[in-house]
Amino acid sequence: QVQLVESGGGLVQPGGSLRLSCAASGSIFSNYDMGWYRQVPGKQRELVAFITRRSNTNYADSVKGRFTISRDNTENTVYLQMNSLKPEDTAVYYCTAARWGRRPYEADYWGQGTQVTVSS
């Protein structure tokens with residue numbers, strides 16, 4: 001099993017930046033493809049980005065060019081760097097882990113989520 005703990009959420013101005021972190025434990029981190037989802041109450045969750053164990057990356061069109069996902073396998077940590085934030089980016093962001101190679105990406109483990117609010 002994998003335990004995931006997100007951090008780094010908060011309130012940010014439109015156009016600002018925020019970096020989310022996800023610390024993983026309990027299993028062999030390098031065997032998993034890692035992702036970030038976001039969800040607004042009453043709306044379907046959206047896969048924002050994922051990164052494979054070989055560090056190939058994929059992004060939703062809504063964040064492409066603004067967000068960057070990365071991983072540090074020596075620290076068992078995944079990051080989501082969010083730049084040029086917009087009010088529509090406001091959501092609860094969840095870190096996820098998936099057995100590597102699944103297409104489309106399908107999460108097996110979820111973190112507790114961290115709130116990101118973009119507002120002036």
Side-chain angles (χ1 to χ4, degrees):
Q1 63 175 337
V2 178
Q3 294 82 44
L4 304 170
V5 179
E6 303 98 330
S7 62
L11 176 65
V12 65
Q13 301 278 321
S17 296
L18 209 59
R19 189 180 77 158
L20 305 183
S21 298
C22 173
S25 62
S27 192
I28 302 175
F29 181 74
S30 61
N31 285 347
Y32 292 86
D33 295 343
M34 306 297 297
W36 289 93
Y37 283 80
R38 65 186 181 186
Q39 187 165 28
V40 177
K43 297 184 179 180
Q44 189 172 348
R45 64 173 60 123
E46 176 187 25
L47 177 61
V48 175
F50 69 91
I51 182 168
T52 72
R53 65 176 189 168
R54 299 166 72 96
S55 293
N56 298 124
T57 58
N58 295 268
Y59 298 92
D61 288 341
S62 57
V63 306
K64 195 172 299 181
R66 299 188 298 121
F67 290 11
T68 302
I69 188 171
S70 61
R71 67 191 295 163
D72 184 342
N73 288 341
T74 66
E75 297 292 335
N76 291 357
T77 303
V78 180
Y79 303 96
L80 185 67
Q81 178 67 47
M82 305 185 294
N83 299 325
S84 302
L85 283 162
K86 306 173 181 179
E88 50 263 45
D89 295 318
T90 296
V92 177
Y93 284 72
Y94 295 91
C95 177
T96 63
R99 289 174 290 179
W100 70 271
R102 286 187 172 185
R103 299 294 182 271
Y105 184 87
E106 182 178 333
D108 294 303
Y109 302 96
W110 293 75
Q112 82 288 344
T114 186
Q115 177 71 47
V116 172
T117 302
V118 185
S119 177
S120 60

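None of these values were measured; they are calculated from a predicted model.
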Quiz item: Is the shortest side-chain N to carboxylate O distance from K64 to D61 below 4.0 Å?
Solution: yes
Self-check item: Partner residues of A24 under the side-chain contact (heavy atoms from CB on, under 4.5 Å) criterion, sequence neighbours left out
Solution: V2, L4, F29
Quiz item: Got a sec: does the CZ of R103 have more than 12 other heavy atoms crowding it under 6.0 Å?
Solution: yes
Practice problem: Take atom CD1 of I28 as the centre, draw a 6.0 Å sphere, and report whether it contains more than 12 heavy atoms from other residues, nucleotides or ligands. | Solution: no
Practice problem: Please assess E46 against V63 for the test side chain to side chain contact (heavy atoms under 4.5 Å, CB included), listing each intermediate value before the final yes or no. | Solution: CA-CA 11 Å; E46 176 187 25; V63 306; 5.7 Å; no
Quiz prompt | Stepwise side-chain hydrogen bond (donor to acceptor under 3.5 Å, both in side chains) check, T52 with D33 | solution = CA-CA 4 Å; T52 72; D33 295 343; 4.7 Å; no
Practice problem: Answer yes if L20 and L85 sit in the same cluster of Ile, Leu, Val, Met, Phe, Trp and Tyr residues linked by side chain heavy atoms under 4.5 Å apart, and no otherwise. | Solution: yes
Quiz item: Say you draw a straight line from OG1 of T77 to CE of M34; how long is it, rounded to the nearest 0.5 Å?
Solution: 9.0 Å
Exercise. Could you pull out the closest heavy-atom pair between S30 and N73, with the gap in Å?
Key: CB-ND2, 4.3 Å
Practice problem: Could you give me the CA-CA distance, side-chain angles and deciding distance for S21 and E75, then say whether side chain to side chain contact (heavy atoms under 4.5 Å, CB included) is met? | Solution: CA-CA 11 Å; S21 298; E75 297 292 335; over 6 Å; no
Exercise. Would you please test V12 and M82 for side chain to side chain contact (heavy atoms under 4.5 Å, CB included) and show each step?
Key: CA-CA 11 Å; V12 65; M82 305 185 294; over 6 Å; no
Quiz item: Can you check whether A23's main-chain N or O pairs, donor with acceptor, with N76's side chain at less than 3.5 Å?
Solution: no
Quiz item: In terms of ring plane angle, is the pair Y32 and Y109 parallel, tilted or perpendicular, where the classes change at 30° and 60°?
Solution: perpendicular
Exercise. Find out whether C22 and Y79 are in side-chain contact, i.e. whether some heavy atom of one side chain is under 4.5 Å from a heavy atom of the other.
Key: no
Tabulate below the donor-acceptor pairs under 3.5 Å that side-chain atoms of residues 113-120 make, not counting sequence neighbours, or state none.
from, atom 1, to, atom 2, distance (Å)
T114, OG1, G9, N, 3.3
Q115, NE2, A91, O, 3.4
Q115, NE2, T117, OG1, 3.4

Quiz item: Would you say Q1's side chain and S27's backbone share a donor-acceptor pair under 3.5 angstrom?
Solution: no
Exercise. Please report the C-alpha distance between V78 and I69 in whole Å, then the side-chain angles of each, then the deciding distance to 0.1 Å, and finally whether the side chain to side chain contact (heavy atoms under 4.5 Å, CB included) criterion is met.
Key: CA-CA 7 Å; V78 180; I69 188 171; 4.0 Å; yes
Quiz prompt | Residues that T68 engages under side-chain contact (heavy atoms from CB on, under 4.5 Å), provided they are two or more places apart | solution = Y59, Q81
Quiz item: What about F50 and V92, same hydrophobic cluster or not, with Ile/Leu/Val/Met/Phe/Trp/Tyr joined at side-chain heavy-atom distances under 4.5 Å?
Solution: yes
Quiz item: Is F67 reachable from Y94 through a run of hydrophobic residues whose side-chain heavy atoms are each under 4.5 Å from the next?
Solution: no
Quiz item: side-chain hydrogen bond (donor to acceptor under 3.5 Å, both in side chains) with T96: which of W110, Y105, W36, Y37?
Solution: Y105
